[in-house]
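So the structure is just underneath, and the comments pick up after that.
Only heavy atoms go into these numbers, but all of them, side chains included; no hydrogens, no water, no symmetry mates.
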Amino acid sequence: MSDHENLQKTKLLTELSAGQGVTTRINPSRAKLFVANGPDKGKTVELSHEKLVIGSGSDSDIQVVDRSISRRHASLYRQGNLVIIDDLNSTNGSYFRDVRVGSIHLPLGQEIRFGQIRVKFLPEEEILEIAPSSLQKLGPLIGSDQRMREIFTLIEDVGPSDVTVVIEGETGTGKELVAQAIHEFSKRKNQPFVVFDCSNQPRDLIESALFGHIRGAYTGATSQRDGAFSRADKGTIFLDELGEFGKDLQPKLLRVLEARQVQKVGADGYDPVNVRVIAATNRNLKAEVRAERFREDLYYRLAVVKMVLPPLRERLNDLPLLVEHFLSLHDEPCTIAPKSMATLKSYHWPGNVRELKNIVDRACALNRGRSDVDISTYLTDLDEVRTTNHLQVDEFVSFKEAKGKVVAEFETRYIGTLLRQHGNNISMASREAGIDRKHFKELMKKHGIQANSED
């Protein structure tokens with residue numbers, strides 16, 4: 001079954017926006033032309049199945065005024081998920097990936113250059129309403145929060161199809177659990193579920209780990225090896241931390257998604273694979289596209305369905321339910337003192353649900369079978385508890401000085417917590433913070449924070 005047919009069978013193909021509970025659907029039946037540079041930058045035109053002419057002349061259907069564009073430069077029209085483009089003997093030519101073309105069929109999400117003007121063909125994203133599930137548990141997921149129950153609905157709807165899914169969310173929000181739940185609701189549930197961590201692979205071996213290699217492909221390749229895609233054949237591959245995937249390998253991943261074929265390192269031919277692809281990242285992929293760190297055509301090929309998981313601090317009413325669930329996983333659980341819940345709800349939870357589970361596990365391990373354990377004492381850093389009572393303001397100093405003290409305190413706690421979360425790995429901590437590694441180290445030096453490892 002084609003992706004287009006899967007799209008028609010899937011009820012909700014959505015993007016859940018962080019903090020808003022808004023959903024959008026990528027609608028492959030509608031698309032637009034977007035001018036990406038030049039005097040007409042930002043101009044959009046809806047594409048149809050009727051042939052349109054783009055050019056600088058006033059008689060063109062899509063007029064783009066630029067000296068590098070011919071009066072009637074090229075014709076284009078929609079055909080399914082493709083845009084059919086024919087150059088009309090233009091002076092400066094039409095280029096796809098810097099290769100001059102006369103006629104080309106481009107999938108949505110791709111870009112072409114007419115003269116010096118870059119033009120993109122983008123599918124439409126529609127805003128939808130999502131009905132929250134009545135469930136508080138779905139597969140390995142727990143939650144009564146409305147946004148989590150909306151995600152439960154999405155999982156049930158997209159699970160049976162084979163469409164690709166992108167899951168965004170902070171570290172520890174449960175992205176892999178969502179991927180597992182989608183797999184469990186799919187027709188592939190009795191087939192392999194292969195997890196591939198894009199951030200935990202040596203850069204010179206990641207291609208081999210993902211696609212495989214043949215004997216003699218490189219020094220040390222003494223035998224042929226299947227990659228993660230081949231091991232996931234007939235099942236699901238989960239690409240974790242996709243935002244770490246380098247631009248040099250992104251075209252190869254795009255080919256796998258489009259042709260369902262992999263090329264082992266050192267091989268001349270391609271091997272067919274039958275996989276469902278689910279990807280996750282703690283980055284905003286659209287922002288990565290805008291920063292030109294992630295290919296836009298790959299984004300649209302992956303994010304047919306996109307979910308953004310809420311951080312734990314935005315679903316604090318789920319804390320009692322989650323704590324109860326984690327306690328039930330222990331043979332000799334302790335019981336939690338009611339007073340500790342108020343403290344837990346005041347905590348910022350930088351490690352999200354994963355951090356909560358670690359705290360419950362630690363409390364149970366050290367207090368087997370005991371009653372009224374104050375679980376809040378096992379927080380990584382009690383100073384991170386954020387209530388107004390902890391914000392000390394000196395009214396006898398200037399506003400600027402008082403603000404500086406609060407900011408300095410926040411930076412110290414934030415940087416220190418991130419380093420603890422990532423085992424003193426400065427590179428990983430700075431990526432999580434979304435700031436340059438050099439600036440991160442400057443903040444460490446400013447506040448006297450030491451790390452045992454920088455690698």
Side-chain angles (χ1 to χ4, degrees), residues 14-20 22-24 26 109 122 125 147 151 154 164-179 182 195-203 206 209-210 228 237-254 256-257 277-315 348-355 414-415 417-419 421-423 425-441 443:
T14 63
E15 173 182 349
L16 187 63
S17 299
Q20 298 177 351
V22 174
T23 62
T24 66
I26 295 179
L122 308 177
E125 296 182 63
R147 290 170 60 192
I151 288 170
L154 301 183
T164 55
V165 180
V166 165
I167 307 163
E168 291 184 2
E170 296 179 10
T171 299
T173 48
K175 298 185 289 293
E176 184 173 339
L177 296 182
V178 171
I182 293 172
V195 178
F196 185 86
D197 187 348
C198 300
S199 67
N200 194 30
Q201 303 289 333
R203 292 201 63 82
I206 187 171
L210 195 57
I237 186 168
F238 175 56
L239 302 175
D240 198 12
E241 297 306 340
L242 183 70
E244 304 299 321
F245 208 68
K247 285 201 74 173
D248 54 331
L249 289 178
Q250 289 176 22
K252 294 179 181 288
L253 179 56
L254 181 62
V256 175
L257 294 172
V277 178
I278 303 174
T281 177
N282 59 13
R283 302 187 184 191
N284 182 321
L285 277 189
K286 275 196 170 180
E288 293 295 296
V289 169
R290 289 192 293 270
E292 299 184 349
R293 290 189 291 266
F294 200 85
R295 290 175 60 116
E296 190 164 25
D297 50 358
L298 179 57
Y299 169 82
Y300 283 111
R301 199 66 180 78
L302 282 167
V304 178
V305 180
K306 181 177 170 184
M307 305 178 189
V308 180
L309 302 188
L312 183 55
R313 62 183 172 275
E314 293 181 9
R315 48 180 289 223
H348 187 60
W349 295 108
N352 291 291
V353 179
R354 182 186 298 152
E355 183 181 6
Y414 182 78
I415 297 297
T417 299
L418 274 185
L419 284 169
Q421 291 286 329
H422 294 283
N425 187 306
I426 296 175
S427 296
M428 292 179 64
S430 62
R431 283 198 299 268
E432 178 76 11
I435 60 179
D436 181 74
R437 185 176 184 275
K438 182 179 179 181
H439 180 50
F440 193 92
K441 292 186 70 175
L443 288 173

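The side chain to side chain contact (heavy atoms under 4.5 Å, CB included) check on V289 picks up F294, E296, Y299, with sequence neighbours excluded. Among residues two or more places apart in sequence or in another chain, the salt bridge (charged side-chain N to carboxylate O under 4.0 Å, His left out) test is passed with R293 by E288. Remark: R354 pairs with T171, N358 by the side chain to side chain contact (heavy atoms under 4.5 Å, CB included) rule, at least two apart or across chains. Every residue two or more places apart in sequence or in another chain was checked for a side chain to side chain donor-acceptor pair (under 3.5 Å) with D240, and none qualifies. With sequence neighbours excluded, no residue forms a side chain to side chain donor-acceptor pair (under 3.5 Å) with D436. Under the rule for a side chain to side chain contact (heavy atoms under 4.5 Å, CB included), the partners of L177 that lie at least two apart in sequence or sit in another chain are P140, L141, Q180. Residues forming a side chain to side chain contact (heavy atoms under 4.5 Å, CB included) with A209 (at least two apart in sequence, or on another chain): F196, Q201, R225. Remark: E244 engages R283, R431 in a salt bridge (charged side-chain N to carboxylate O under 4.0 Å, His left out) (not counting sequence neighbours). With sequence neighbours excluded, no residue forms a salt bridge (charged side-chain N to carboxylate O under 4.0 Å, His left out) with K247.
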Between L253 and L239, does a side-chain contact (heavy atoms from CB on, under 4.5 Å) hold up when you go through it step by step? CA-CA 11 Å; L253 179 56; L239 302 175; 4.0 Å; yes
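Residue pairs meeting the salt bridge (charged side-chain N to carboxylate O under 4.0 Å, His left out) criterion with at least one member in residues 168-177, sequence neighbours excluded: E168-K306, E170-R313.
Here the closest heavy-atom approach between residue F238 and residue A279 is recorded as CE1-C, 4.2 Å. Closest approach of G109 and Y300 over heavy atoms only: CA-CD1, 3.9 Å. The two atoms that bring I167 and A179 nearest to each other are CD1-N, 3.8 Å, heavy atoms only. Of all non-hydrogen atoms in G243 and T281, the two that sit nearest each other are N-OG1, 3.5 Å. L309 and T173 get closest at one heavy-atom pair: CD1-O, 3.8 Å. Shown here for C198 and F245, the closest heavy-atom pair between the two residues is SG-CD1, 3.8 Å.
How far CZ of F440 is from CD1 of I426: 7.0 Å, rounded to the nearest 0.5 Å. Atom OG in S430 sits 11.0 Å away from atom NE2 in H439 (nearest 0.5 Å). Between L242 atom CG and I278 atom CD1 the span is 12.5 Å, to the nearest 0.5 Å.
The main-chain N or O of L312 is found under 3.5 Å from a side-chain atom of N352 such that the two form a donor-acceptor pair. Under the 3.5 Å distance criterion, the side-chain polar atoms of T164 are matched with a main-chain donor or acceptor of R301.
With contacts defined as side-chain heavy-atom distances shorter than 4.5 Å, the pair D197/V195 does not qualify.
For the side chain to side chain contact (heavy atoms under 4.5 Å, CB included) criterion with L302, the lone passing option out of L254, D297, V166, V165 is V166.
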